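Below is one structure, written out as structure tokens; comments come after it.
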Amino acid sequence: MAVDTAAYSEQTEIQRDITQMVRQFADEQIIPNAEHFDHEDSFPEPIVEQMKELGLFGVTIPEEYGGMGLDLTTYAMIVEELSRGWISISGVVNTHFIGSYLLMKFGTDEQKDYFLPKMATGEIRAAFSLSEPEVGSDVQGIKATGKKAADGRWELNGQKMWVTNGLGSGVVFVLVKTDPKAEPPYKGMTCFITEKEPWAEENTGDFKGLVVPPKIKKMGYKGVESTELVYDGYMCPAERILGGEEAGVGQGFVQMMDALEVGRVNVAARGVGIAQRALELALRYSQERKAFGKPIAQHQAIQFKLADMATKVEAARLVTRKAARMKDAGERSDLEAGMAKLLASESGKECVEECFRIHGGYGYSKEYEVERLYRDAPLLLIGEGTSEIQRMVIGKKLLQRHKI
Ligand SMILES: Cc1cc2nc3c(=O)[nH]c(=O)nc-3n(C[C@H](O)[C@H](O)[C@H](O)COP(=O)(O)OP(=O)(O)OC[C@H]3O[C@@H](n4cnc5c(N)ncnc54)[C@H](O)[C@@H]3O)c2cc1C
């Protein structure tokens, strides 16, 4: 830790042990190998296999289903450590975590029994799909549809966009319109739990009608795949509607927005992790590099940058943990999750930029880690709702809570 705040971070013994374990894992397994997988844009399979052994796919899944049964706060601490290593690694578990949250909160007993044990071990990974080629922020504008067929199953059609884990996942929680005429539109939206063959570009048998086009080429956030998904006559059994057909039809929007609240804490934790790493790299480089006869860290302008970075890291970490703790305590945390996501993702980008400046020309070289951070950090401004959308959420909730 560049700034040792351990004494003030209010961690339980379990949280301390697990974050230390994940930090060691990041130092020994993620950071030394991230450059290779980033450069090749290949899936970091060996790292993911070790994460399965460490139980990191089941952190929040209850013990009765084979998980660790830990809370969102602990999960956020783990995500921070993973992201300090490489945000793509946290991306592999992020949508998986959201999928397990959806099942735990809204799933039927059969859905939980069927999916959660396999998800806890990482045997199957989950993806979460709202976005479409023409729609991201304005979720109620999606066009994919689900229509009940004569045999009782539901036929899904439509194109989805930017699906993290789109190819390697074994299950996708997908939002479609089951009543395109519903007013307001969110009342006509349903979440389907669509199974698929992991790593198959064209699904066959029970899962036919789901095609995964080649992965999208990205600026950063490499290694973990982002894909489109094409549902073309995919037949989904009625018992795969989240919460069951009777309770689940028309509830998809509400369910998925609920999940986004925890997803935002998760992205906030990633922002803290990448900001922390940028601070560490900047502290090290600025004491090694000399200019005008002394280490650049001795120039006040550089010290001010370090001071601002450290302050942002601390603030972002505190607001992220507060949002997580409120959710764990069963309190409404939509406002706080929005603030955490906004502050931590912007802080992540700002700290990475300052770290880049401190590295001078070497920051532009692929030999230095900050070059990867510079390409990775902007994603956090976009995923799980852009900064503009967070401000809209925060503003709306503020006015609701302080109505005169
Ligand atoms: C690498 C990556 C991975 C992703 N993974 C997933 C995933 O797993 N699942 C998934 O469903 N989605 C995923 N997404 C999609 C992501 O959630 C969307 O990109 C994001 O919600 C923004 O939507 P958009 O790209 O359509 O932008 P748009 O909604 O078109 O927005 C464009 C711009 O307009 C602004 N804007 C929009 N509406 C308003 C408004 N009312 N007021 C002010 N400004 C506004 C936005 O802030 C933004 O600046 C991923 C995206 C990326 C890049």
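None of the values given here were measured: they were computed from a predicted structure. Positions are given from 1 along the sequence. Numbering of ligands and ligand atoms starts at 1, following listing order.
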Ligand 1 atoms in contact with L379 (distance to a heavy atom under 4.0 Å): 1 (C), 2 (C), 52 (C), 53 (C)
Nearest-neighbour protein heavy atom for atom 46 (C) of ligand 1, which is reported as residue plus atom name and distance: T386 OG1, 3.7 Å
Contact atoms of ligand 1, heavy-atom distance to T95 under 4.0 Å: 8 (O)
Distance filter under 4.0 Å to S129 heavy atoms, resulting ligand 1 atoms: 11 (O)
Atom indices of ligand 1 within 4.0 angstrom of M392 heavy atoms, with elements: 40 (C), 41 (N), 42 (N)
Distance flag for atom 7 (C) of ligand 1, protein heavy atom under 4.0 Å: yes
Part of W162 with heavy atoms under 4.0 Å of ligand 1, whether side chain, backbone, both or neither: both
Any non-hydrogen protein atom less than 4.0 Å away from atom 30 (O) of ligand 1: no
Within-cut-off N or O pair, S131 and ligand 1, under 3.5 Å: yes
cation_pi(K112, F115) dist<6.0 Å, angle<=45: no
Min N/O separation G136 to ligand 1 under 3.5 Å: yes
Nearest protein heavy atom under 4.0 Å from atom 12 (N) of ligand 1, yes or no: yes
Heavy-atom protein contact below 4.0 Å for atom 35 (C) of ligand 1: no
Sole candidate of D258, D71, D334 that passes salt bridge (charged side-chain N to carboxylate O under 4.0 Å, His left out) when paired with K327: D258
Is_contact(atom 25 (O) of ligand 1), protein non-hydrogen, under 4.0 Å: no
Pair E354 + R357: basic N to acidic O under 4.0 Å: yes
Contact with ligand 1 for K160, non-hydrogen, under 4.0 angstrom: no
Per-atom contacts, ligand 1 versus L130 - under 4.0 Å to a heavy atom: 10 (C), 11 (O)
